[in-house]
Amino acid sequence: MSSAAKSSTDSPNLVLTYDTTLRDGTQGEGVSFSVASKLRLVEKLDAFGMDYIEGGWPGSNPRDQEFFDKARGLKLTHAKLAAFGSTRRANTAVADDAQVKMLLDSGTPVVTIFGKSWLLHVTEVLRTTPEENLAMIGDTVRHLVQNGREVIYDAEHFFDGYKNNPDYALKTLDAAHTAGAGCLTLCDTNGGTLVAEIHNITAEVVRRFPSTRVGLHCHNDAGLGVAVTLAGVEAGGTLVQGTMNGFGERNGNANLTTILPNLALKMQREMFCNNHLAELRDLSHFVDELANFRPDPKAPYVGATAFAHKGGVHADAANKVARSYEHIDPALVGNTTRVLVSDMSGRASVMMKARELGLELDAKSPKLKDFLAEVKAREFRGYQFEAADASFLLLLKRTLENWHEPFDVLGYRLVVEREGSGAELAEATVKVKVGDKVHHEVAEDAGPVGALDRALRKALEPSFPSLRDVHLADFNVRIVDTGQGAQAVIRVLVESTDGHESWGTVGASDNIMAASYEALCDSYAYKLLRDSGKKK
């Protein structure tokens, strides 16, 4: 069912989903979508099974206006597109209000409007009377309904307003309900209401309006955006608003990538998107990609570390019985189990990690103990393999299979010069042996790492043309022990890609260039190892 209005045939477990990433989410710091990106995201959210997608505020800016013009051509299979706006202005006839006219002109089947619930905002922000505010709500909802629109009413600052004056806050809902709003959405706009308060107040609203759908729109300022939304559903709410990845103003909105699996898998609520939960992680990353954000590795359900095991005891138990350390099957949300190998790892961790990378190890091999000791020794020296699977795999094959990369760097030299203008130029010289042939190359770049990378490429690419496809996607440097001053160990993590796959490699030394050199060499070695495996 896609209409917000409750029906007598509704299942008591049915919850409708409402995404406001394209409107409220874009109020978050650093979040911006082009019109083309907004249109792509609408199609993606529709395919995922979202019931409502809020596209923006028509007329508030040229981008949103262009979006609604182009959105008319979208062929949505399930979701309804909503335009967002406010009630009419005080002391203005609703038919004469330009903003309300733009909402109708947007052509969306759904219009979501917000009105004031808190007398503080009525008298101090709008600077009008309580009676006029009620008229503004009723007039606007009624006008939109009479013009054929499904109306969702967002009661802004409802919980603060209710705590200040419950009788008046409920009167604002009465005004919207009587005028024909299909859903009354209770907004925790400041994001500071606690879980019990949300539950109790929502329960009272549900009791007061038994035949009307009650929604929740919560923010995360107290770190409770997801928790209070779920509490509202427990109290009888049947529509949830939120944003993908928690984008939004200040600390963000309630995070749908956490809310949806909790509703479906923990609370057994029926949602149209339940059949698409296995696509949730991909959708989350798609939104981050459009916003040019790095995915949060610690995000519940969809983060890279959401089902990662580091301690040997944990990894061993999860290997035997997954649910002993995993609260759901990761595949249900499109994620996977990961094993992080570190100085806390045991034999089971190494075997699980190797299996994850496509290798089956002999648990009885004496070399396995040697390998584990080597990993722990390296971690003590500053290495970390959690984000460097490629370096881990290379170390595994070198130790257990006596594998060697098909090239040997005999030596390198770096010179950094500062010109009179203050600009720096780095020159790198490398000697690389491939088979019986020695390649001696030199290259320049603005920085020493770039110069070393260029020189290594010049030496290796004639023998290994596939390395031309490899480029550095990221380069991170961390001082492991700051107390050692200039002698501190430096860890360098390099992320590389060939356009099809990305991989991480690591180097550690008290010399930043030595650490960088090691990570670069591992990056190229991994690419060649992968290519050789494909030829078999």
Side-chain angles (χ1 to χ4, degrees), residues 30 289 292-294 297 378 381-392 394 405 407-434 438-528:
E289 183 68 25
N292 198 28
F293 279 18
R294 275 186 170 276
R378 287 188 175 231
R381 298 202 304 269
Y383 290 81
Q384 192 174 77
F385 294 97
E386 294 175 9
D389 282 357
S391 286
F392 174 80
L394 293 172
E405 47 267 76
F407 64 88
D408 184 19
V409 180
L410 302 177
Y412 66 90
R413 182 178 64 184
L414 284 161
V415 177
V416 179
E417 297 179 334
R418 181 182 293 272
E419 299 177 351
S421 62
E424 290 187 348
L425 182 67
E427 179 184 279
T429 304
V430 300
K431 284 185 180 181
V432 178
K433 186 176 182 181
V434 180
V438 174
H439 301 265
H440 190 178
E441 299 290 350
V442 62
E444 295 180 332
D445 202 279
V449 175
L452 183 59
D453 181 42
R454 284 174 178 266
L456 280 169
R457 285 175 177 276
K458 287 179 67 176
L460 293 172
E461 285 178 0
S463 302
F464 309 107
S466 67
L467 293 182
R468 295 190 181 98
D469 298 329
V470 178
H471 70 270
L472 304 186
D474 203 0
F475 181 86
N476 291 300
V477 178
R478 181 177 177 184
I479 299 175
V480 178
D481 186 359
T482 57
Q484 295 297 315
Q487 284 72 47
V489 173
I490 297 167
R491 181 166 61 238
V492 171
L493 181 67
V494 168
E495 184 178 341
S496 306
T497 182
D498 60 2
H500 302 286
E501 180 186 351
S502 296
W503 59 90
T505 54
V506 66
S509 172
D510 58 2
N511 182 313
I512 187 173
M513 291 315 305
S516 302
Y517 151 77
E518 184 179 11
L520 287 172
C521 286
D522 269 9
S523 175
Y524 298 139
Y526 175 79
K527 168 65 174 174
L528 298 177

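Any value given below was found using the heavy atoms of this structure, including those in side chains, with hydrogens, waters and symmetry copies removed. Sequence positions, counted from 1, serve as the residue numbers for this chain.
- Rounding to the nearest 0.5 Å gives a distance of 9.0 Å between NZ of Lys527 and OG1 of Thr497.
- In this structure, the side-chain hydrogen bond (donor to acceptor under 3.5 Å, both in side chains) partners of Asp474, at least two apart in sequence or on a different chain, are Arg294, Asn476.
- Not a single side-chain contact (heavy atoms from CB on, under 4.5 Å) links Pro462 to another residue, sequence neighbours left out.
- A heavy-atom distance below 4.5 Å is found between the side chains of Leu528 and Ser466.
- When all heavy atoms of Asp522 and Leu394 are compared, the closest pair comes out as O-CD1, 3.4 Å.
- Once rounded to the nearest 0.5 Å, the distance linking CE of Met513 with CD of Glu518 reads 12.5 Å.
- Applying the side-chain contact (heavy atoms from CB on, under 4.5 Å) criterion to Val434, with sequence neighbours excluded, gives Phe407, Val432, His439, Leu460, Ser463, Phe464.
- Residue pairs that meet the side-chain hydrogen bond (donor to acceptor under 3.5 Å, both in side chains) test with at least one member in residues 442-455, sequence neighbours left out, are Asp445-Arg454, Asp453-Arg457, Asp453-Tyr524.
- In plain terms, the two heavy atoms of Gly507 and Ala519 that are nearest each other are N-CB, 3.9 Å.
- Here the closest heavy-atom approach between residue Ala443 and residue Ala455 is recorded as CB-N, 3.5 Å.
- Partners of Phe475 by ring pair (Phe, Tyr, Trp, His ring centres under 6.0 Å), not counting sequence neighbours: none found.
- In this structure Glu427 satisfies the salt bridge (charged side-chain N to carboxylate O under 4.0 Å, His left out) test with no other residue, sequence neighbours excluded.
- Of the possible donor and acceptor atoms, one in the side chain of Lys458 sits under 3.5 Å from a partner among the backbone N and O of Val442.
- Distance check: Ser502 OG to Asp389 CG gives 12.0 Å after rounding to the nearest 0.5 Å.
- Between the CD atom of Glu461 and the CG atom of Leu456 there is a distance of 10.0 Å, given to the nearest 0.5 Å.
- Nearest heavy-atom pair across Ala426 and Ala451 is O-CB, 3.7 Å.
- By the ring pair (Phe, Tyr, Trp, His ring centres under 6.0 Å) test, Tyr526 pairs with Trp503, sequence neighbours left out.
- Here Glu405 pairs with Arg398 under the side-chain hydrogen bond (donor to acceptor under 3.5 Å, both in side chains) rule; sequence neighbours left out.
- Applying the side-chain contact (heavy atoms from CB on, under 4.5 Å) test to Arg478 and every residue at least two apart in sequence or in another chain returns Arg491.
- The side-chain contact (heavy atoms from CB on, under 4.5 Å) search around Ala514 returns Tyr412, Ser509, Asn511, not counting sequence neighbours.
- Atom OG1 in Thr505 sits 15.0 Å away from atom CZ in Phe392 (nearest 0.5 Å).
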